[in-house]
Amino acid sequence: QVQLVESGGGLVQAGGSLRLSCAASGRTFRSYAMGWFRQAPGKEREFVAGVSWSGATTYYGDSVKGRFTISRDNTNNTVYLQLNSLKPDDTAVYYCAANSLVITRSPRDYDYWGQGTQVTVSS
């Protein structure tokens, strides 16, 4: 089993930065691919970034490439998402998720989810 808890969300101005953290518990954490998704009001849940269990492979959604960075620290059972050059369109609830197989873009492929953390970007 994997339990996930996100933190680090908040209110920032356009062009600013935030770092989100996802604290994981469970002995199998390092065997899971991890992903970040986001969901804005009235929109479907969107893939933001993913990282393989080793941390060697990463993928990003088209809307965040060059601005966001995903990383993981398996020693401390933590996944991070660095958000730079934030735009108002980045406003959403951000969720951390674990996939027992490989990185995918579909939220339906992920087995475990955190509660989400709100990111709000003002213009």
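All residue numbers in this chain count up from 1 along the given sequence.
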*asked:* Tell me whether the rings of F37 and F47 are parallel (<30°), tilted (30 to 60°) or perpendicular (>60°).
replied: perpendicular
Residues joined to L11 in its hydrophobic cluster, side chain to side chain under 4.5 Å directly or through other members, sorted by chain and number, are none
Note to self: Let's go through Q3 and S25 carefully: what are the C-alpha distance in whole Å and the side-chain angles of both, what is the deciding distance for side chain to side chain donor-acceptor pair (under 3.5 Å) to 0.1 Å, and is it a yes or a no?
What the structure shows: CA-CA 5 Å; Q3 295 80 45; S25 60; 2.8 Å; yes
In short, salt bridge (Lys or Arg N to Asp or Glu O under 4.0 Å) pairs touching residues 42-60 with sequence neighbours left out are R38-E46
| query | Is a side-chain N or O of Y60 found less than 3.5 angstrom from the main chain of I70, in a donor-acceptor match? | reply | yes
*Are the side chain of N99 and the backbone of V102 linked by a donor-acceptor contact shorter than 3.5 Å?*
yes
The reported gap from OG in S71 to CD in Q82 (rounded to nearest 0.5 angstrom) is 8.5 Å
Original post:
Looking at side-chain heavy atoms only, is the closest gap between D111 and Y32 below 4.5 Å?
Top reply: yes
### Query
Are Q115 and V5 close enough, and set up right, to give a side chain to side chain contact (heavy atoms under 4.5 Å, CB included), and what steps lead you there?
CA-CA 6 Å; Q115 84 288 350; V5 179; 3.9 Å; yes
L4 and V2 have their tightest heavy-atom pair at CD2-CG1, 3.5 Å
Which of F68, Y80, W36 passes side-chain contact (heavy atoms from CB on, under 4.5 Å) with L20? It is W36
I want to check something: taking the side chain as every heavy atom from C-beta on, are Y95 and W113 in contact at a cut-off of under 4.5 Å? yes
Take D73 and T78, measure what side chain to side chain donor-acceptor pair (under 3.5 Å) needs, and give me the verdict at the end. CA-CA 5 Å; D73 181 349; T78 304; over 6 Å; no
Q39 (side chain) donor-acceptor with V93 (main chain) under 3.5 angstrom: no
**Item:** Donor-acceptor under 3.5 Å (N84 side chain, S17 main chain)
**Value:** no
When rounded to the nearest 0.5 Å, the distance separating CD of Q1 from OH of Y112 is 5.5 Å
- Output yes when a side-chain donor or acceptor of T117 lies under 3.5 Å from a complementary backbone atom of G9, and no otherwise. yes
| said: Assigning hydrophobic clusters by single linkage (Ile, Leu, Val, Met, Phe, Trp, Tyr; side-chain heavy-atom cutoff under 4.5 Å), is L18 placed with M34? | reply: yes
Sequence neighbours excluded, the answer for ring pair (Phe, Tyr, Trp, His ring centres under 6.0 Å) partners of Y59 is none
Could you check whether any side-chain heavy atom of V119 comes within less than 4.5 Å of a side-chain heavy atom of T91, counting everything from C-beta outward? no
Please check if the side chain of R72 supplies one atom and the backbone of S52 the other of a donor-acceptor pair under 3.5 Å. yes
For A92 and A40, the nearest pair of non-hydrogen atoms, with its separation, is CB-N, 3.9 Å
List the steps, then state whether side chain to side chain contact (heavy atoms under 4.5 Å, CB included) holds for R67 with D90. CA-CA 11 Å; R67 299 189 298 122; D90 295 320; 2.8 Å; yes
TODO: Side-chain contact test, heavy atoms from C-beta onward, threshold under 4.5 Å: evaluate it for L81 versus T69 and give yes or no.
DONE: no
W53, Y110: one ILVMFWY side-chain cluster at the under-4.5 Å cut-off?
no
Value for OG (S21) from CD (E6), rounded to nearest 0.5 Å, stands at 10.5 Å
